[in-house]
Number of protein chains: 2
Amino acid sequence: MTPEPNILIVDDEAAIRDMIGIALDTAGFRSTTASTALDAHVNIIDQRPDLVLLDWMLPGGSGIELARRLKRDELTASIPIIMLTAKTSEDNKVQGLDVGVDDYVTKPFSPRELVARIKAVLRRSTGNLKDKPIRVFDLEMDPASHRVMVEDRPVEMGPTEYRLLNFFMTHPEKVYSRDHIQDQVWGANVYLEERTVDVHIGRLRKALSSASKTGINYSALIQTVRGAGYRFSTRHD
Amino acid sequence: MTPEPNILIVDDEAAIRDMIGIALDTAGFRSTTASTALDAHVNIIDQRPDLVLLDWMLPGGSGIELARRLKRDELTASIPIIMLTAKTSEDNKVQGLDVGVDDYVTKPFSPRELVARIKAVLRRSTGNLKDKPIRVFDLEMDPASHRVMVEDRPVEMGPTEYRLLNFFMTHPEKVYSRDHIQDQVWGANVYLEERTVDVHIGRLRKALSSASKTGINYSALIQTVRGAGYRFSTRHD
DNA sequence: AAAAATTGTCATCAAAATGTAATATTGCAT
DNA sequence: ATGCAATATTACATTTTGATGACAATTTTT
C-alpha cells in the first residue's frame with residue numbers, strides 16, 4: 001500500500017464531495033471522487049482505492065447496489081466500504097451491514113468523526129492481512145517494513161517488482177497468465193504490452209538471483225510455464 | 001469453455017459489427033453478430049455465447065431492456081455483458097449498472113481496450129471454477145498449478161502433450177479416434193496430418209515413461225487400439 | 001534544477017515446441 | 001514364417017514463445 005491511503009468519495013452532491021475531500025486532505029489522505037455509481041465502479045476497478053466512502057442515497061438508489069456488487073466480486077471484496085447516509089432509520093443500517101459494509105456514518109457528521117472511523121476501518125483491514133511476513137526458505141517478504149530480505153540482508157528492487165513478488169508469494173503453486181498478472185499487479189483495465197510482464201519478471205529474477213551469498217538461486221522460484229504464464233513454486237521443474 | 005471464447009456482438013450498425021468482429025478475430029475470439037435485440041436474444045438462447053457485447057443505442061432503446069431481461073432470467077444471468085455506448089450521460093450509466101451489466105466501454109474505443117476489457121471480464125467470470133487435481137495411481141495432474149507429477153516429482157512435457165494428457169485423464173477407459181482427439185486437443189477447424197497425433201502420443205509416452213523412479217511405467221496407461229485409436233486405461237490390454 | 005531511479009516498449013537472440021515426411025517396427029491374418 | 005497394413009520413431013525445417021539489453025519517457029529523489 002502507498003504511504004498515504006487513497007480514499008474514493010462517492011456522492012452526487014459536489015459540495016459534500018469537496019467538504020470531505022478537504023477533510024481527508026487535512027488528515028493526510030489522498031482522495032478521488034465519483035458522482036455516480038458507475039463512475040465509482042470504474043474508478044475502483046482501475047485505481048483500487050484503499051477505502052470507499054459511499055453515499056447511500058445515490059440517484060436511483062444505486063449506492064446499496066454498488067456496495068453489494070463490490071462485495072460480491074472477488075476482486076473488490078476486500079476493499080473496505082463506509083456508508084454515508086442522512087437517515088438514521090434502523091433497517092437501513094441492518095441492510096447495509098447485511099451487504100458487508102464495514103462501517104456506517106450518518107450525516108451530518110464532523111470531519112473529525114469521519115477521519116477517526118476511516119482510520120479505524122483501515123487499521124482493521126490492513127492490520128489483519130498484511131502485517132504477517134511471508135517466508136520461503138531464506139527469502140522473506142515483510143509488508144510492514146515494505147522490504148524483501150534474503151538471508152537477512154535487504155534485496156533491492158523497484159516497486160513493481162515488489163508488488164509482483166508479493167503477488168507471487170501470496171499465491172504460490174499456481175500458474176497465472178500474463179493477463180492475470182497484469183490485473184493483479186498493475187490493476188484491471190490497465191493496458192500494457194504482454195511482453196512487459198516478461199521484462200518485469202526478468203528484473204525480479206535478476207534482483208533475486210544476485211541476492212544470495214550462499215549460492216542459492218532464489219530466482220528459480222519464479223518459473224516460466226510455457227504457453228501458460230508464470231508460477232511461484234518451491235518444487236523445481 | 002471452448003478454446004476460443006465465443007462473443008456475440010449486438011449492434012445495429014453493420015460497420016461497427018464488422019469492425020469489432022475483425023478486432024475480436026485478431027485477438028483469437030470467435031464471434032457472431034446480431035443487429036436487433038430479438039435476434040440477439042434468440043442467438044443467446046441458442047448458442048450460449050461466453051460474453052455479449054451489447055450496444056446501448058439499439059432502435060427502440062431495447063439494448064438496456066435486453067440486458068435487464070438477460071440478467072433476470074436465470075438461464076442467461078451468468079452470461080457476462082459489456083455495454084457499448086456512445087453517450088456518457090449519467091443516468092444511463094446508473095441504470096446500466098443497476099441492471100447488472102459487467103462493464104462498460106464508451107465509443108469510440110480502441111480495439112485494444114475492448115479486447116482487454118473482454119479478457120478481464122471473462123477471466124473474472126470463468127476463473128472462479130477451479131479444476132480439481134486428477135490422480136491415477138501416482139500420476140497426478142493439477143490444472144491450478146498446470147503441472148503433471150509422477151510420485152510427487154514434476155514431469156516435463158510440452159503444452160500439447162499436457163493438453164493431450166488432460167484430455168485422456170478426464171476421459172478415461174474409452175477409445176478415441178485420431179480425428180476425435182484432434183478435435184478435442186487441437187480444436188475443431190484445425191486440419192492436421194493424421195500421423196501428427198501419433199507423434200504427440202509418442203512424445204507423451206516418452207515423458208511419462210522416464211518419470212518414475214520406482215520402475216512403474218506410466219506410459220502403459222496410454223494404450224494403442226489397433227484400427228480404432230487410443231485409450232487411457234488403468235486396465236491392461 | 002539536476003540527477004537518479006523506474007517505467008514500458010521494442011528489437012534481437014535463444015530456446016522450445018510443432019507438424020510433416022521419411023524410415024523403422026510391430027501386430028496380425030494367412 | 002511372410003507380407004501387409006497400422007503404428008512408432010526419428011530427424012528436421014518452420015513457427016512460436018520467452019529472455020534480455022537498449023532506450024526514451026516519466027517519475028522520484030536529491
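Within every chain, numbering begins at 1; the chains are lettered A, B, ... in the order of the sequence lines, protein sequences first and strands thereafter. Being a predicted model, the structure only gives us computed values, none of them experimental.
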Report yes or no: do [X] and [Y] form a side-chain donor-acceptor pair below 3.5 Å?
X: B:Ser210; Y: B:Arg205; result: no
X: A:Asp179; Y: A:Ser177; result: no
X: A:Arg226; Y: B:Tyr162; result: no

Expressed in angstrom and rounded to an integer, what is the separation of A:Lys206 atom NZ from D:dT20 atom P?
9 Å

B:Glu193 CD to C:dT20 C1', straight-line distance once rounded to whole Å
7 Å

Where along residues 195-204 of chain A does a heavy atom come under 4.0 Å from DNA chain D, residue by residue in number order?
A:Arg195, A:Asp198, A:Val199, A:Arg203

Go through residues 218-231 of chain A and report each residue with a non-hydrogen atom lying under 4.0 Å from DNA chain D, sorted by number.
A:Thr224, A:Arg226, A:Gly227, A:Tyr230

Shortest non-hydrogen contact from [X] toward [Y]:
X: B:Met141; Y: B:Val148; answer: CE-CG2, 3.5 Å
X: B:Asp50; Y: B:Pro80; answer: O-CD, 3.1 Å
X: B:Ser212; Y: B:Glu151; answer: OG-OE2, 2.7 Å
X: A:Leu204; Y: A:Glu161; answer: N-CG, 3.8 Å
X: B:His146; Y: A:Val225; answer: ND1-CG1, 3.5 Å

Can you name the atoms? Protein N/O to nucleotides 28-30 of chain D N/O, anything below 3.5 Å, with the distance.
none

Please tell me whether B:Tyr176 and B:Phe167 form a close aromatic pair, meaning their ring centres lie under 6.0 Å apart.
yes

Output field: ring centroids B:Phe232/B:His171 closer than 6.0 Å:
no

Answer yes or no: does atom CZ of A:Arg135 have more than 12 heavy-atom neighbours from other residues, nucleotides or ligands under 6.0 Å?
yes

Evaluate whether atom CD of A:Glu156 has more than 12 neighbouring non-hydrogen atoms of other residues, nucleotides or ligands under 6.0 angstrom away.
no

List for me each residue that meets salt bridge (charged side-chain N to carboxylate O under 4.0 Å, His left out) alongside B:Asp142, sequence neighbours excluded, and say none if there are none.
none

Determine yes or no for a side-chain-to-main-chain donor-acceptor pair under 3.5 angstrom, with B:Arg231 supplying the side chain and B:Glu173 the backbone.
no

With a 4.0 Å limit, can you tell me whether A:Trp186 has a side-chain N or O closer than that to the phosphate oxygens OP1/OP2 of C:dT7?
no

Students should find that the end-to-end axis angle of the helix from C:dA1-D:dT30 to C:dT30-D:dA1, with five pairs defining each axis and rounding to 10 degrees, is 40°

Looking across every strand, which nucleic acid part, if any, lies under 4.0 Å from B:Glu161 by heavy atom: base, sugar-phosphate, or nothing?
sugar-phosphate

All N/O contacts under 3.5 Å from nucleotides 1-4 of chain D to the protein, with atom names and distances to one decimal?
none

Got a second to check how far A:Arg195's CZ is from A:Ile201's CD1, nearest 0.5 Å?
11.5 Å

